[in-house]
Amino acid sequence: MSGLDRGFANYGDVAFSRFLRRSFLHASGRSPESLERPVIGIATSPSDFNPCHRAQPELVTSVERGVLAAGGLPMAFPTISLGESFLTPTSMVFRNLMAMDVEEMVRAQPMDAVVLVGGCDKTVPAQLMGAFSAGRPAIQLVTGPMSTGRYHGERLGACTDCRRFWARYRAGEVDDVEIAEVERNLATTAGTCAVMGTASTMACIAEALGMALPGSATAPAVHADRLRIGEATGAAAVEIARAGRTPDQVVTPASVRNALRVLLAIGGSTNALIHLTAVAGRLGLPIDPDELNALSDTTPVLVELKPTGDHYMEDLHASGGLAAVLHELRDLLDLSAPTVTGKTLGDVLGDGPRWVDRSVVRPLSDPARPVGGLVWLRGSLAPQGAVIKRSAADPALFETTGRAVVFTSLEDLAARIDDPDLDVAPDDVLVLQNAGPRGAGMPEAGYLPIPGKLARAGVKDIVRISDARMSGTAYGTIVLHVTPEAAVGGPLALVRTGDRIRLSVREARLDLLVDEAELARRRAALPAAPPGPPTGYGRLFHEHVLGADQGCDLDFCVPAPVDAARVG
């Protein structure tokens, strides 16, 4: 069955179920003829708590135009909305809840295909995760990035410039009046963060996976191109519905490798590695850390937007968009990978953009950096792994052995980081414990602030290690996603102030230099883990969330891995 005849509510009489459904739809004023068309669901996620999605209603209207023009019946429906800076303890906790919402609404409602409309950090991965599990034809439409604001002749964009000015404020270089004025000029339009943060990275990954239309990742939210892309996406949804092109026919191991190449070449967010692991995991496609490092060592960085460069997403769009990046990478990509259009990646790339601004998208022969932005670390402190964004770090700190200064929780960090009596030096290693998925929901707390006394002395970077995440808009020599996390008794829980820690980006290692006998003594003395939430989704998350190396998905949502040799 298809269209409105798909999946009737069960009253014990199928004919009555059909009659009742159509009767209620007539209340919407649709013509009887329109009820015979392919049904295209449009998953929406606007909210007053999500300013990034402020322009969604107009974008959804453009999708509906495209669906109608192509002979489909558009049916918009809401899901929960994840406003990045409005959710406590962190939006990461609710990504999986949104994925469940999307999955069940796509599966339960009569639609032949779904357009996933979203953009904020956790929204795109949640929508893809849910759609992949639902198994219906699907296509992603991102809301697009903000345009930049202006402040005293300087371009500003959320949220790298937020962090830059806040660091200056903490160091006493900016006063209360100026920081209030900056606050009003950082985010001045609808859209996701204007830099290569997680939202922008996931937009590019969705296109690289083949799940979004070519050329759709970078258009600003307020640009007319975004509405044209919305209309084209609506029309494409009707085509994929008629073709029955489900996500498992689009996303293959080759697609995932291509997406990893793109992640590395654009200096993308560390969060995207967690999200891509979870998204691909819903199709049984694992991410191999060794392959990630091999790809990173052979993939140059071609795009350096903020936080590592000087440009913004609107500049990338004006410079040819992701198509310009893919064209430069084409010799490193698997061009046979399918896309949601039904064409291969090689087919949709064609000859590439007619013009590219080489200050924004560097040629493969003259990259911004010779190797990719991310490195997966292993060692005695991270047996199952950790990640560092070397493209946002200080190379002078890549090979560091330093004394640990430990914060046992987010509350401990907040209480002591600016204490003038804190025993800390620039060559120390800051360590934050109990900030992983089970310990604290894995907030973006890995960007530990420079201790106040060091910031005022002019220190700009220091090695920081945690089981938390950090925003893709952040920068610094920061090791994240340490797994197993401290809250489940991982080695991170055993670190004490004064221990020696060795970081080697060259060797992809992270080691705690403490003998095994002492670690065994500490392990035996660890207190029992505090109880998790007693009820609701919080309890479900706490009891079933997987580690960062498995995408922080819920264990019961992940199928068995697919044999890569079988799917090609």
Side-chain angles (χ1 to χ4, degrees), residues 85 89-90 92 159-160 162-171 197-198 269-271 274 307 377 381-382 386-390 392-394 396-398 400-437 439-483 485-487 490-493 495-503 505 510 512 548:
S85 56
T90 168
M92 186 64 186
C159 194
T160 298
C162 311
R163 300 178 190 282
R164 178 168 60 86
F165 272 95
W166 192 254
R168 292 180 60 195
Y169 178 67
R170 284 175 47 79
T198 304
S269 166
T270 50
N271 287 313
I274 290 180
L377 308 170
L381 187 52
V387 69
I388 185 170
K389 186 176 180 179
R390 61 180 165 191
D394 182 354
L397 298 175
F398 282 3
T400 292
T401 299
R403 183 187 72 117
V405 176
V406 178
F407 300 92
T408 58
S409 66
L410 294 165
E411 294 75 18
D412 184 35
L413 174 68
R416 294 196 295 124
I417 192 67
D418 288 333
D419 186 341
D421 296 325
L422 180 66
D423 180 14
V424 65
D427 56 355
D428 287 339
V429 176
L430 305 185
V431 176
L432 173 62
Q433 300 169 327
N434 297 303
M442 209 178 185
E444 291 183 340
Y447 182 65
L448 280 68
I450 303 295
K453 63 192 290 185
L454 297 185
R456 288 187 293 274
V459 174
K460 301 299 184 185
D461 199 4
I462 187 171
V463 176
R464 287 155 275 182
I465 299 172
S466 75
D467 46 12
R469 299 177 300 113
M470 78 172 181
S471 169
T473 66
Y475 45 86
T477 310
I478 301 173
V479 178
L480 305 151
H481 313 173
V482 172
T483 313
E485 63 174 296
L492 187 68
V495 184
R496 302 291 180 265
T497 294
D499 290 348
R500 304 289 287 176
I501 292 176
R502 178 175 180 261
L503 164 67
V505 175
L510 183 68
L512 176 60

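Only a predicted model underlies this, so the values are computations on that prediction, with no experimental measurement involved.
Residues I274 and M442 have side chains in contact (heavy-atom distance under 4.5 Å, counting atoms from C-beta outward). No side-chain heavy atom of R500 sits less than 4.5 Å from a side-chain heavy atom of V429. Side-chain contact check for D467 versus T483: every heavy-atom pair is 4.5 Å or farther apart. Side-chain contact check for K389 versus L480: every heavy-atom pair is 4.5 Å or farther apart. At a threshold of 4.5 Å between non-hydrogen side-chain atoms, the residues V482 and L510 count as touching. Residues P451 and L430 form a side-chain contact, since some pair of their non-hydrogen atoms from C-beta on lies under 4.5 Å apart. Taking 4.5 Å as the limit, some side-chain heavy atom of L503 sits within range of a side-chain heavy atom of L377. For the pair V405 and D423, the minimum side-chain heavy-atom distance is 4.5 Å or more.
A search for side chain to side chain donor-acceptor pair (under 3.5 Å) contacts involving D461 returns R464, T477, not counting sequence neighbours. Applying the salt bridge (charged side-chain N to carboxylate O under 4.0 Å, His left out) test to R164 and every residue at least two apart in sequence or in another chain returns E154, D161. Under the side chain to side chain contact (heavy atoms under 4.5 Å, CB included) criterion, A445 pairs with L410, L432, P443, A468, sequence neighbours left out.
With hydrogens and angles left out, the side-chain atoms of E444 and N271 include a donor and acceptor closer than 3.5 Å. Looking only at atom types and distance, the side chain of S471 has a donor-acceptor partner in the side chain of R163 under 3.5 Å away.
Put simply, CE on M470 and CG on L448 are 11.5 Å apart, with the number rounded to the nearest 0.5 Å.
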